[in-house]
Amino acid sequence: MDEADSLSIPKTELEKGVGQRIDLFLSSLLNVSRNKIKKKILSGDLRLKNGAVLEPSHRIRGIEEIEIRGGLTEEVPSLPKAEDIALEILYEDEEILIVNKPRGMVVHPSCGHWSGTLVNSLLFHYGESLPGSSLLRPGIVHRLDKDTSGVMVVAKTERSLKSLLLQFSQRTVQKVYLCLCKNRFPYLRYSFEANIHRHASDRKKMAVHRLKGKTAKTHFTLLFASSQASFLKCEPVSGRTHQIRVHLSHLGFPIIGDPLYGKGVRRYPFPLLLHSYALKIEHPRSGKKIEFMAPLPQDFKEALDFFYGKNFSWEENALAL
């Protein structure tokens, strides 16, 4: 079989999963379903390079070299490639990289987005030096939606990768988002907690659910308001998919420009007005708390002018920041 028709998993990657079931480990590593991996194993298309067949329950020893014949079809056509895409770097040292992700950029390759991602850019600028728990996500420890702009942290070493993943999982990272939502938000400060689950009829969307899903909590602070729109600071405690967008839409204050959850707000000439403004982490090496901020994008400032007037100064009005 032509090498182009197969995907090789090197021993160095498999060493990270010693003791784990191979179907579970490869599912996480390659960002595909466990069922997909299992089918490949049982069909004989996923096997050792020496031709020996495997079982889905095989425990990784760290000495294997895996070959997936036919790749993984449309789900993972190839490993991500380096692409010359500019990065806006807010801070960098030996352990971490802080970037300002632009709106419209996907964080890592996934179905329908195999190029033009943050990972493609990172590979161009840093080669294969970045660590990662997935071949598709080197250095990535958290994500922003494609249409959300703002600050992100990238791990540059194994130490920082482990430290940051632990901080996000234990919810010790402080995240601040800014958004413009429809209508006048009636509370100066408000916390909302509700389960988020996959939407019953639209698989692209998430929804608040009384029983199913995972719990999600968001703190909201009103920065400025008019009858048309409210300028909010949003602090998600958890990190569920589309969490802020789902919570605000459920409460009756959809984010302006939101194509998925913005009923009645797409008539305004603006994209999704949700920005990751600040991120406070514990530095993986020094242990000190450090905070990074990404300036508002120009179209967000133009939206503030549109709703609140040309002389509106968001820094002066955002006293709660």
Side-chain angles (χ1 to χ4, degrees), residues 103 144-151 171 173-197 199 205-210 213-280 291 293-321:
R103 182 185 293 110
L144 293 179
D145 294 341
K146 175 186 175 184
D147 293 320
T148 300
S149 57
V151 63
R171 300 180 181 177
V173 176
Q174 294 175 257
K175 299 166 284 186
V176 174
Y177 291 75
L178 299 178
C179 80
L180 266 176
C181 67
K182 177 82 170 162
N183 303 323
R184 183 185 290 274
F185 198 74
Y187 312 104
L188 182 60
R189 291 181 177 83
Y190 184 72
S191 294
F192 183 68
E193 186 170 4
N195 284 10
I196 288 181
H197 188 63
H199 194 280
K205 297 175 64 174
M206 308 299 288
V208 167
H209 199 285
R210 191 168 62 89
K214 296 181 179 179
T215 183
K217 186 175 185 178
T218 310
H219 301 302
F220 298 103
T221 302
L222 179 64
L223 302 179
F224 196 78
S226 70
S227 59
Q228 286 185 302
S230 297
F231 187 28
L232 301 181
K233 177 174 78 169
C234 313
E235 298 171 278
V237 178
S238 45
R240 309 303 180 201
T241 302
H242 300 171
Q243 178 172 319
I244 296 172
R245 299 163 67 185
V246 172
H247 277 178
L248 284 174
S249 179
H250 180 80
L251 290 169
F253 305 95
I255 297 175
I256 290 168
D258 195 330
L260 277 181
Y261 306 98
K263 290 183 179 179
V265 300
R266 279 177 285 176
R267 60 188 176 89
Y268 295 113
F270 300 108
L272 177 69
L273 296 177
L274 177 63
H275 178 69
S276 173
Y277 177 67
L279 193 69
K280 182 182 285 188
E291 184 174 31
M293 289 171 284
L296 283 179
Q298 183 59 34
D299 50 14
F300 203 122
K301 295 178 181 178
E302 291 172 359
L304 291 172
D305 291 341
F306 177 85
F307 287 106
Y308 303 136
K310 293 290 184 180
N311 296 322
F312 179 80
S313 173
W314 74 271
E315 292 94 343
E316 292 178 6
N317 284 278
L319 298 178
L321 285 175

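Counting from 1, the numbers follow the sequence of the chain as shown. What you see is a predicted model, and the numbers here were worked out from it, not measured in a lab.
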Minimal heavy-atom distance between Ser230 and Ala225, with the atoms involved, is OG-CB, 3.8 Å

Measuring from atom CG of Asp147 to atom CG of Leu260, what distance do you get when rounded to the nearest 0.5 angstrom? 8.5 Å

Work out which heavy atom in Pro236 is nearest to a heavy atom in Cys234; give both atom names and the distance. CD-O, 3.5 Å

Tell me, do Lys214 and Asn195 make a side-chain contact under 4.5 Å, heavy atoms counted? no

Got Arg189 and Leu222 here, is their nearest side-chain heavy-atom distance under 4.5 Å? no

Output, in order, the C-alpha distance, side-chain angles, deciding distance and verdict of side-chain hydrogen bond (donor to acceptor under 3.5 Å, both in side chains) for His275 and Tyr177. CA-CA 5 Å; His275 178 69; Tyr177 291 75; over 6 Å; no

Donor-acceptor under 3.5 Å (Asn183 side chain, Gly252 main chain): yes

Output field: ring centroids Tyr308/Phe224 closer than 6.0 Å: yes

Between Cys179 and Leu273, is a side chain to side chain contact (heavy atoms under 4.5 Å, CB included) present by the stated rule, with each step listed? CA-CA 5 Å; Cys179 80; Leu273 296 177; 5.8 Å; no

Main-chain N/O of Arg240 paired with Gln243 side-chain donor or acceptor, under 3.5 Å: yes

Checking side chain to side chain contact (heavy atoms under 4.5 Å, CB included) for the pair Met206/Tyr261: CA distance, chi angles, key distance, verdict? CA-CA 9 Å; Met206 308 299 288; Tyr261 306 98; 3.7 Å; yes

Would you say the side chain of Ile244 lies within less than 4.5 Å of the side chain of Ile255, judging by non-hydrogen atoms? yes

Interatomic distance, Leu274 atom CG to Ile256 atom CD1 [nearest 0.5 angstrom]: 12.0 Å

Taking atom CZ of Arg171 and atom OG of Ser238, what is their separation to the nearest 0.5 Å? 5.0 Å

The test is side chain to side chain contact (heavy atoms under 4.5 Å, CB included); show your working for Leu178 and Leu296 and say whether it passes. CA-CA 9 Å; Leu178 299 178; Leu296 283 179; 3.9 Å; yes

Check whether any side-chain N or O of Arg103 sits under 3.5 Å from a backbone N or O of Leu272 as a donor-acceptor pair, and report yes or no. yes

Heavy atoms, side chains only, cut-off 4.5 Å: are Phe231 and Phe300 in contact? yes

Can you name the closest pair of heavy atoms from Val208 and Ala194 and give their distance? CG1-CB, 3.8 Å

Please confirm whether Phe307 and Tyr268 have ring centers closer than 6.0 angstrom. yes

With the side chain counted from C-beta on, respond yes when His247 and Phe220 share a heavy-atom pair under 4.5 Å apart, and no when they do not. yes

From CA spacing to verdict: side chain to side chain contact (heavy atoms under 4.5 Å, CB included), Val173, Lys280: CA-CA 6 Å; Val173 176; Lys280 182 182 285 188; over 6 Å; no

Once rounded to the nearest 0.5 Å, what's the spacing between atom CD of Glu193 and atom NZ of Lys217? 5.5 Å

So that I know where these two stand, are His250 and Phe192 an aromatic pair - ring centroids less than 6.0 Å apart? yes

Would you confirm whether the ring centroid of Phe185 sits within less than 6.0 angstrom of the ring centroid of Phe253? yes

Do you know the tightest heavy-atom contact between Asp299 and Pro271? OD2-CG, 3.4 Å

Give a yes or no answer on whether the side chain of Ser276 reaches the backbone of Val151 with a donor-acceptor pair at less than 3.5 Å. yes

Could you grab the distance from atom NZ of Lys175 to atom OG1 of Thr218, nearest 0.5 Å is fine? 9.0 Å

Distance check, rounded to the nearest 0.5 Å: His209 atom NE2 versus His199 atom NE2? 10.5 Å

Output yes when Asp258 and Arg245 qualify as a salt bridge under the 4.0 Å nitrogen-oxygen rule, no when they do not. yes

Does the side chain of Thr241 reach to within under 4.5 Å of the side chain of Ile196, using non-hydrogen atoms? no

Under 4.5 Å between any side-chain heavy atoms of Leu232 and Leu180, yes or no? no

